[in-house]
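Throughout, numbering of the chain's residues begins at 1 and tracks the sequence. Quick note: numbers below take in every heavy atom, side chains included, and nothing from hydrogens, waters or symmetry partners.
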Amino acid sequence: MKKKFIIPMIAVAAISGAVLFSAFKAGPLQSEVSTLQFWQYSGTGLQTDENQYSLASGAACAGGENVVCTIRAEENPDNPGHPMIDSGLESRINAKNEAQGDVFVRD
């Protein structure tokens, strides 16, 4: 009688352990995956205007000196095809602050 009870309990424990292990081994959630993209500044208009940027393949700088040429940001869901410039990124653009790796300035 004890064997009939112990074997199913071992099976349940093994399945529970496998499920628990797979929950911790799973990759990041889709919402946690970074969707940062490079956006190149057009060279005209305000550097903090989302509409002055277009999608770029990387951090590239055209002509000019001491100007923001590329930023790295998520696409704005309310303005597709343009970056989402929040207040923090806007401050870094205005200060030409490259410390966070999301603003690229041509020296």
Side-chain angles (χ1 to χ4, degrees):
M1 180 76 179
K2 284 187 178 182
K3 285 186 180 181
K4 288 183 181 180
F5 180 74
I6 291 175
I7 292 175
M9 290 303 291
I10 291 173
V12 168
I15 292 170
S16 298
V19 169
L20 183 62
F21 178 74
S22 67
F24 286 107
K25 189 175 171 125
L29 298 174
Q30 183 64 28
S31 62
E32 296 173 346
V33 175
S34 176
T35 57
L36 294 178
Q37 300 176 10
F38 289 99
W39 302 90
Q40 187 167 3
Y41 173 59
S42 68
T44 61
L46 293 174
Q47 293 179 345
T48 55
D49 180 359
E50 298 172 346
N51 295 313
Q52 299 302 318
Y53 289 85
S54 58
L55 196 57
S57 59
C61 291
E65 289 185 22
N66 198 28
V67 295
V68 172
C69 50
T70 308
I71 61 172
R72 194 163 184 213
E74 293 182 3
E75 183 174 25
N76 187 337
D78 297 326
N79 189 8
H82 300 284
M84 182 170 20
I85 299 178
D86 60 20
S87 60
L89 179 56
E90 182 176 357
S91 294
R92 290 187 295 281
I93 291 170
N94 285 329
K96 296 178 177 60
N97 180 349
E98 299 178 284
Q100 297 230 353
D102 57 356
V103 175
F104 301 88
V105 178
R106 172 137 184 141
D107 294 324

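Cluster annotation: F38 and M84 are assigned to distinct hydrophobic clusters (Ile/Leu/Val/Met/Phe/Trp/Tyr, side-chain heavy-atom contacts under 4.5 Å, transitive). In the hydrophobic clustering of this structure, F104 does not group with L89; members are Ile, Leu, Val, Met, Phe, Trp, Tyr whose side-chain heavy atoms approach within less than 4.5 Å, directly or through other members. Residue W39 is grouped with residue V105 when hydrophobic side chains (ILVMFWY) are merged at heavy-atom distances under 4.5 angstrom, including chains of intermediate members. Connection of V68 to L55 is established within a shared hydrophobic cluster, with ILVMFWY side chains joined at heavy-atom distances below 4.5 Å, either directly or through further cluster members.
One distance of note links CG of N97 with CG of D102; it measures 8.0 Å at 0.5 Å rounding. The line from CG of D49 to CD of E90 is 10.0 Å long, rounded to the nearest 0.5 Å. Annotation: the span from Q37 atom CD to T35 atom OG1 amounts to 7.0 Å, rounded to 0.5 Å. Summarising the geometry, atom CD belonging to E50 is positioned 5.5 Å from atom CG belonging to N79; distances are rounded to the nearest 0.5 Å. Atom CD1 of I71 sits about 11.0 Å away from atom CD of Q40, to the nearest 0.5 Å. Here the straight-line distance linking atom OG1 of T48 with atom OH of Y41 works out to 8.5 Å at 0.5 Å rounding.
Checked by atom type and distance alone, the side chain of H82 never pairs as donor or acceptor with a backbone atom of Q52 at under 3.5 Å. In this structure a side-chain-to-backbone donor-acceptor pair under 3.5 Å is present from E75 to G81.
In this structure, the side chains of Y53 and I85 come closer than 4.5 Å at one or more pairs of heavy atoms.
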